[in-house]
**Q** 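Here it is, the structure, as structure tokens.
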Amino acid sequence: MTNITKTDKRRQRVLQAGAAVASAQPQVVVYWMTREMRVQDNWSLLTAIEVAQEQQLPLVVMYNLKSEYLGGGARQYRFKLEGLQSVEVALHKHHIPLMVTAGDDAEADMATLLKKWDVQTVVVDCNPLKIQRQWNVALMKALPNLSLIEVDAHNIVPVWETSDKQEWAARTIRPKIHKRLPDFLTDFPEVHSPKQQRLIADVHPQPHAPKWKTLEKAGPKPHAIDAEIAVASGESAAHKQLEVFIERLKEYGIDRNDPTIDGQSDLSPYLHYGMIAPQRVALSVIAVSGASVNRLFDARANAASREKQSKQMSLADSAAAFLEELIVRRELSDNYCFYQPHYDSFAGFPEWAQQTLNAHRTDQREYLYTLKEFEQGKTHDPAWNAAQLQMVRTGKMHGYMRMYWAKKILEWTKDPEQAQKWAIVLNDRYSLDGRDPNGYVGIAWSIGGVHDRPWFDREVFGTVRFMAQSGLKKKFDLEAYIAQWAPGITSGTLF
DNA sequence: ATCGGCTCGCGCAA
DNA sequence: TGCGCGAAGCCGAT
């Protein structure tokens, strides 16, 4: 760790240049935290600190807490609120205040404050989702003289640096990411508050501390099921989970595709909320696996073939398999949402998939379920119900089941548009890591062939890859999985 | 148990 | 212009 590392300009984009106004007397620089809910290893915060230092102003961190955000409910709100509380504590050590604006007008309220403070510079997290872009546009419209700087603190290689277009598949983005990793997979500098931070006492109006009790009450009403979610939130919980995962990293290569085993990293809620930096996770995994990045990526193909044969995998093989998912596949998701405005609809599917799905529009569906039947896990298929109920009860569905789950929604719904819509609704409502590019891309892969290739033609799916329950049975003990999550398939005790 | 075919198009070699 | 190959599979032949 070095203290003098300057943040890399290539991680930044100027969304609005801003214009110095003669009468303006800016009192603070603002970091608008949205996607990166952490203090350590956060390029956005580090950039904001640098800007504050340069402008000789204290820094204020702001967060807009909406009670409704992209169809999330009480479980996500609770997770977010607890994460924010730990951000406040961590920021306090650096004398940086956190200010939360809440409610439906949270962004507008923030804009009003920015005006009062004559704020000239705001640093904001890069999030490729449409809602963040709309917020950015609204802010720039409200404050045309504001300088708005976007920082990609989520991807190791910034999304606009990796590629200037929507990538076709993992194989096309992989070499581009690998090529840039030596440049961007660097260590993080430590956080030091700006020298002017002591001046925060003179700022008018004073940024006021979040009233956590009030914010808690303002959230969505928790359902009985939400109370069962037992995932600890916050930056330190995220780091603790990373330690837990690293202990079992060697087994990851073999265990991750077995939904009856706790073999996955379980980091995705933390990655989604930015409670831990993917770059930190990558650095830690590489450090313990005792190999260089290049050596690890060379091992990727090797690991894939060993996996097929269910052979022993070394620590390096497992690390390579994990880094492929953590970096290549996750950053491919951001690439898709960044360059494809229709990332959550049929229009975003590749041409061949749209054609084949259109050709099979009128195919007879063997089963048709309502959204409620899906939601309550009341289909004829206990494997599907188990996956759904695992998600409802725990806030996460095993990664291997997610594909099967989404493909069956296509199979048992009247058309692909409705299937995609419902899959997104359910994932965003029940998964702690919902409302994320990973979720939208996973669903688009399953239903619309995004990042996939065509396979043989069949009813409903056309040439979009099909998955059958028999495939699950071959890979793991399906009965054990069903017994764990959907015992007595007809009971509807949850709802 | 294992293998080829299914089926499309990107990206690179030539 | 040709060709290899790919986000996690299925199916039937051997």
**Q** Just the rounded figure in Å: distance from P of C:dG12 to NZ of A:Lys474.
**A**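 To the nearest whole Å, that distance equals 11 Å.
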
**Q** Could you tell me whether A:Lys407 contacts a base, only the sugar-phosphate backbone, or nothing, with contacts defined as non-hydrogen atoms closer than 4.0 Å?
**A**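 Contact class for A:Lys407: none.
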
**Q** Would you tell me whether A:Asp125 and A:Ser44 have side-chain atoms, one donor and one acceptor, within less than 3.5 Å of each other?
**A**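 Result is yes, a qualifying pair exists.
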
**Q** Is DNA chain C part of any stem, that is, at least 3 consecutive Watson-Crick or G-U pairs with both distances under 3.5 Å, and where?
**A**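 For DNA chain C the paired stretches long enough to count as stems (3 pairs minimum) are B:1-6 with C:9-14, B:8-13 with C:1-6.
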
**Q** Considering only heavy atoms, which members of residues 336-351 of chain A lie under 4.0 Å from some atom of DNA chain C?
**A**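 Within residues 336-351 of chain A, no residue comes under 4.0 Å of DNA chain C.
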
**Q** Looking at A:Arg465, I'd like to know whether one of its side-chain N or O atoms comes within less than 4.0 Å of OP1 or OP2 on C:dC10.
**A**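 Looking at the OP1 and OP2 atoms of C:dC10, neither is under 4.0 Å from any side-chain N or O of A:Arg465.
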
**Q** Using the P atom as the reference point in each nucleotide, state the distance between C:dA7 and B:dC12 in Å, no decimals.
**A**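 Comparing P positions in C:dA7 and B:dC12 gives a spacing of 15 Å.
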
**Q** Decide yes or no on side chain to side chain donor-acceptor pair (under 3.5 Å) for A:Gln469 and A:Asp381, but give the supporting numbers first.
**A** CA-CA 9 Å; A:Gln469 205 204 69; A:Asp381 176 5; 2.8 Å; yes

**Q** Choose from C:dG9, C:dC11, B:dT7 the nucleotide whose nearest atom is closest to any side-chain atom of A:Met467.
**A**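 Given the options C:dG9, C:dC11, B:dT7, the side chain of A:Met467 is closest to C:dG9.
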
**Q** Whole angstroms only, please: what is the CH2-P distance between A:Trp455 and B:dC8?
**A**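 Value for this atom pair: 13 Å.
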
**Q** Hydrogens and angles aside, do A:Asn136 and A:Arg133 bring a side-chain donor and acceptor to less than 3.5 Å of each other?
**A**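 A:Asn136 vs A:Arg133: no donor-acceptor pair found between side chains.
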
**Q** Determine whether the side chains of A:Gln376 and A:Tyr369 contain a donor N or O and an acceptor N or O closer than 3.5 Å.
**A**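 Looking only at side-chain atoms, A:Tyr369 and A:Gln376 do not form any donor-acceptor pair under 3.5 Å.
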
**Q** From C-beta outward on A:Thr172, which listed nucleotide comes closest to its side chain: B:dC8, C:dA7, B:dG11?
**A**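 Closest nucleotide to the A:Thr172 side chain: B:dG11.
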
**Q** A:Val159 versus A:Pro128: any side-chain heavy-atom pair under 4.5 Å?
**A**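 In short, these two side chains do not touch, never coming nearer than 4.5 Å.
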
**Q** Heavy-atom count check: over 12 atoms from other residues, nucleotides or ligands less than 6.0 Å from A:Lys176 NZ?
**A**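 Check passes, neighbour count above 12.
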
**Q** Check the distance between C:dG9's C1' and A:Trp405's CH2 and give it to me in whole angstrom.
**A**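 Nearest whole value for this atom pair: 20 Å.
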
**Q** Using whole Å, report how far CE of A:Met403 lies from P of C:dA8.
**A**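 Value for this atom pair: 10 Å.
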
**Q** Mark yes when over 12 heavy atoms from residues, nucleotides or ligands other than A:Lys179 sit less than 6.0 Å from its NZ; otherwise mark no.
**A**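 Open: at most 12 neighbouring heavy atoms sit under 6.0 Å from NZ of A:Lys179.
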
**Q** Of the candidate nucleotides C:dA7, C:dG9, B:dC8, which contains the atom at the shortest distance from the side chain of A:Ser333?
**A**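 Side chain of A:Ser333 sits closest to C:dA7.
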
**Q** When the C1' atoms of C:dC11 and B:dT7 are considered, how many whole Å apart are they?
**A**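 To the nearest whole Å, 15 Å.
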
**Q** Select base, sugar-phosphate, or nothing to describe what A:Val464 touches, counting heavy atoms under 4.0 Å on all strands.
**A**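 Since no nucleic acid heavy atom lies under 4.0 Å of A:Val464, the category is nothing.
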
**Q** Between atom CZ in A:Arg171 and atom P in B:dG11, what is the gap in whole Å?
**A**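 These atoms are roughly 8 Å apart.
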
**Q** Side chain of A:Trp168 only, heavy atoms from C-beta on: which candidate in B:dC10, C:dA7, B:dC8 is closest?
**A**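 Taking heavy atoms from C-beta onward, the closest nucleotide is B:dC10.
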
**Q** Roughly, in whole Å, what's the span from CD in A:Gln469 to P in C:dC11?
**A**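 After rounding, the gap between these two atoms is 12 Å.
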
**Q** Please report, rounded to the nearest Å, how far the P atom of B:dC12 is from the NZ atom of A:Lys176.
**A**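 From A:Lys176 NZ to B:dC12 P: 8 Å.
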
**Q** Which atom pairs, donor and acceptor, lie under 3.5 Å between side-chain atoms of residues 408-416 of chain A and protein residues at least two apart or in another chain?
**A**
residue, atom, partner, partner atom, Å
A:Lys408, NZ, A:Glu411, OE1, 2.7
A:Lys408, NZ, A:Met467, O, 2.9
A:Thr413, OG1, A:Ile409, O, 2.2
A:Asp415, OD1, A:Glu417, N, 3.2
A:Asp415, OD1, A:Gln418, N, 2.8

**Q** Take atom CZ of A:Arg174 and atom P of B:dC12, then tell me their distance rounded to the nearest Å.
**A**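 Answer to the nearest Å: 14 Å.
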
**Q** State the OG-CD distance between A:Ser345 and A:Gln340, to the nearest 0.5 angstrom.
**A**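 The OG atom of A:Ser345 sits 7.5 Å away from the CD atom of A:Gln340.
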
**Q** For the CD atom of A:Glu68 and the OH atom of A:Tyr77, what is their distance to the nearest 0.5 Å?
**A**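 Going from the CD atom of A:Glu68 to the OH atom of A:Tyr77 covers 10.5 Å.
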
**Q** Can you see if the side chain of A:Arg458 gets near the phosphate of C:dC11 - specifically, an N or O under 4.0 Å from OP1 or OP2?
**A**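 For C:dC11, OP1/OP2 do have a side-chain N/O of A:Arg458 under 4.0 Å.
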
**Q** How is A:Trp445 classified with respect to the nucleic acid when contacts are heavy atoms under 4.0 Å: base, sugar-phosphate, or nothing?
**A**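 Counting heavy atoms under 4.0 Å across all strands, the contact made by A:Trp445 includes a base.
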
**Q** Say you pick atom C1' in C:dC5 and the same atom in B:dG4; how far apart are they, in whole Å?
**A**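 Their C1' atoms lie roughly 16 Å apart.
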
**Q** Say we look at B:dG5 and C:dG4: how far apart would their P atoms be, to the nearest angstrom?
**A**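 Pairwise P distance, B:dG5 against C:dG4, rounds to 14 Å.
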
**Q** Taking atom types as modelled, is there a side-chain donor on A:Asp226 or A:His223 under 3.5 Å from an acceptor on the other?
**A**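 Looking only at side-chain atoms, A:His223 and A:Asp226 do not form any donor-acceptor pair under 3.5 Å.
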
**Q** What nucleotide among B:dG11, C:dA7, B:dT7 has an atom nearest to a side-chain atom of A:Glu167?
**A**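 The closest nucleotide is B:dG11.
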
**Q** Distance between the P atoms of C:dA8 and B:dA1, in whole angstroms?
**A**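 The answer is 23 Å between these two P atoms.
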
**Q** Ignoring the backbone of A:Ala170, work out which of C:dA7, C:dG9, B:dG11 is nearest its side chain.
**A**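 In terms of side-chain proximity for A:Ala170, the closest of C:dA7, C:dG9, B:dG11 is C:dA7.
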
